Peer 1: 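Mind looking over this structure? Questions follow.
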Protein chains: 2
Amino acid sequence: MRMAELSRESGVAVATIKYYQREGLLPPGERTSPNQARYDATHVRRLRLVRALLEVGGLSIADVRDVLAAIDEPATSTHDILGVAQHGLPLARRDVSDEDRKWALEHLEAVTAERGWQLSPESPAVEAIVDVLCTVRAVGHEWMLDSLDRYVDAAERVAEADLGAVARLGSTESIVEGAVVGTVFGDALLVALRRLAHKQASRERFGDA
Amino acid sequence: MRMAELSRESGVAVATIKYYQREGLLPPGERTSPNQARYDATHVRRLRLVRALLEVGGLSIADVRDVLAAIDEPATSTHDILGVAQHGLPLARRDVSDEDRKWALEHLEAVTAERGWQLSPESPAVEAIVDVLCTVRAVGHEWMLDSLDRYVDAAERVAEADLGAVARLGSTESIVEGAVVGTVFGDALLVALRRLAHKQASRERFGDA
DNA sequence: CAGATTGGATAGCTCCACTATCCGAAACAG
DNA sequence: CTGTTTCGGATAGTGGAGCTATCCAATCTG
């Protein structure tokens, strides 16, 4: 297929496809002559993934480029597939004071220790959690920490499901793509489900007014 | 306090504070003369909340304005406090075909029915979930649906914790602010904890390589 | 062969979240 | 009281992100 068909198939404007090519989000087509190229189903698929990461995942163009680079790497050991998937995925960050950071880390350790989790305070995930906890305190809503244990519990459960799902993927296809997709869209799914669960729990607790 | 001190106290540049005032994110100070004003601790607090919603919550200026408007409304019944909090909070949306939408809704109903959840297909949360499910299918990763039940379970658990926490807030102060803060920062917290849980689960499953 | 389409390069657009400058009035230091 | 700062308010400008539009010569299509 050529540019126009790729555009029709994927629902992305021609000019936008060209832009994505320039930005390295879409590999070049197979050349048929010095200034003509042909595309195939892999390009359609990649384009759909790019749009999904941008729209649902809320990633920036640069984030998408990093994530795709991870996907296109030859698969590493099963153990760090999720690590590779996480590498390049953004988490909200903030600067907070060292005292605050220490305070938050202690709280986090308090609830993860009993589960035997090993925290490396330098890891992006821990830093992001610490940032959120500090922010919550800064706006005067420390009470949220009371629920931290339940949050950790919920995160543990979905993570187990995620690991199981990824392990079930045959290693023939791109497990890494599965891990990335699962991570990004899993976030969006979890957030939306939480909203729905709020409504439901509120209905159960306070009746149908 | 006056502008300079408000700026120092909150860590936000004077020009930015003026911008937030223009955008309606910060109420005007108390006038002491036709062109002078005085600010107090409520302004510092509000400013910190605005920054937190922007940076951690990833909200736009317009979203923050909507959320603050909800917070400043006189409190309604306990039942729909979370509804008010949700109103104005964004969820990723996409356009998908009606067939896809129907397919996703059936899957969602399949796992929520046994919990006795009532879905209104028009609600933002349901629409967002449907969008994500359709997107997951569009990029060829339907296997994620196998975990949907576990996700719903996790969402239900955190929602219960959230409701409990909000109910524990005395009605004297702004419960609505608590609900908004809990919703927005709870999202960020859950997402970051999931990343950490992935690492931990991967370590347990595949050993320490 | 005529007209449309292609890949590629470049310039421009809109939106967003600030940021900088200017002004005349008020505050403060001496 | 005087001279310097700081104030609020208004207006214009900045830089980045994510496209979008235009132009070109080469190539494909009927």
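In what follows, chains carry the letters A, B, and so on, assigned in the order in which the sequence lines appear, proteins first and then strands, with residues in each chain numbered from 1. Computed from a predicted structure; not experimentally measured.
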Peer 1: Side chain of B:Lys18, heavy atoms from C-beta onward: which of C:dA26, D:dC19, D:dG8 has the nearest atom to it?
Peer 2: D:dG8

Peer 1: Less than 3.5 Å apart, any donor N or O on the side chain of B:Tyr20 or B:Arg51 sitting next to an acceptor on the other?
Peer 2: yes

Peer 1: Check every atom of C:dA27, C:dG7, D:dT20 against the side chain of A:Thr16 and return the nucleotide holding the closest atom.
Peer 2: D:dT20

Peer 1: To the nearest Å, how far apart are B:Arg65 CZ and C:dC16 C1'?
Peer 2: 12 Å

Peer 1: Tell me which of B:Pro28 and A:Ala13 sits closer to the 5' end of DNA chain D, going by the nucleotide each one is nearest to.
Peer 2: B:Pro28

Peer 1: Nearest whole Å is fine: how far is C:dA9 P from A:Met3 CE?
Peer 2: 12 Å

Peer 1: Pick base, sugar-phosphate or nothing for B:Arg31, based on heavy-atom distances below 4.0 Å to the nucleic acid.
Peer 2: sugar-phosphate

Peer 1: Pairing donors with acceptors under 3.5 angstrom, does anything connect the side chains of B:Thr32 and B:Arg38?
Peer 2: no

Peer 1: Roughly how many Å is it from CD in B:Glu23 to C1' in C:dT19, rounded to a whole number?
Peer 2: 14 Å

Peer 1: With a 4.0 Å cutoff (strictly under), does any side-chain N or O of B:Tyr20 reach OP1 or OP2 of C:dC18?
Peer 2: yes

Peer 1: Establish whether the base of D:dT20 is bridged to the side chain of A:Arg22 by a donor-acceptor pair shorter than 3.5 Å.
Peer 2: yes

Peer 1: Just by distance, no angles: are the side chains of A:Arg46 and A:Tyr39 close enough, under 3.5 Å, to form a donor-acceptor pair?
Peer 2: no

Peer 1: Look at all strands and tell whether A:Ala4 reaches a base, only sugar-phosphate, or nothing, counting heavy atoms closer than 4.0 Å.
Peer 2: sugar-phosphate

Peer 1: Indicate whether OP1 or OP2 belonging to C:dA26 is found under 4.0 Å from a side-chain N or O atom of B:Thr32.
Peer 2: no

Peer 1: Nearest to the side chain of B:Tyr19, which nucleotide is it out of C:dG8, C:dC18, D:dC7?
Peer 2: C:dC18

Peer 1: Give a yes or no on whether B:His87 atom NE2 has more than 12 heavy-atom contacts from other residues, nucleotides or ligands under 6.0 Å away.
Peer 2: no

Peer 1: If you find the nucleotide of DNA chain C closest to A:Gln36 and the one closest to B:Leu54, which residue's nucleotide is nearer the 5' end?
Peer 2: A:Gln36

Peer 1: Please state how far atom CG in A:Leu6 lies from atom C1' in C:dG8, giving the value in whole angstrom units.
Peer 2: 16 Å

Peer 1: Which part of the nucleic acid does B:Arg51 contact within heavy-atom distance under 4.0 Å: base, sugar-phosphate only, or nothing?
Peer 2: sugar-phosphate

Peer 1: Return the CD to CD distance between B:Glu156 and A:Gln200, rounded to the nearest 0.5 Å.
Peer 2: 8.0 Å

Peer 1: Can you tell me if A:Arg2 touches the phosphate of D:dT29, counting only side-chain N or O atoms and a distance under 4.0 Å to OP1 or OP2?
Peer 2: yes

Peer 1: For the side chain of A:Ile61, counting heavy atoms from C-beta on, which of D:dG18, D:dT20, D:dG8 is nearest?
Peer 2: D:dG18

Peer 1: Atom CD of A:Gln21 to atom C1' of D:dT20: distance rounded to whole Å?
Peer 2: 15 Å

Peer 1: CD of B:Glu30 versus C1' of D:dG8: gap in Å, rounded?
Peer 2: 15 Å

Peer 1: For A:Arg8 and C:dT6, what is the distance between atoms CZ and C1' respectively, to the nearest whole Å?
Peer 2: 14 Å

Peer 1: Mind checking if B:Ala37 touches a base, just sugar-phosphate, or nothing, with heavy atoms under 4.0 Å?
Peer 2: sugar-phosphate

Peer 1: Verify the distance criterion only: is there a donor paired with an acceptor across the side chains of A:Glu9 and A:His43 at less than 3.5 Å?
Peer 2: no

Peer 1: Just the rounded figure in Å: distance from P of D:dC7 to CE of B:Met1.
Peer 2: 13 Å

Peer 1: Using heavy-atom distances to pick each residue's nearest nucleotide on DNA chain C, tell me which of A:Val14 and B:Asn35 is more 5'.
Peer 2: A:Val14

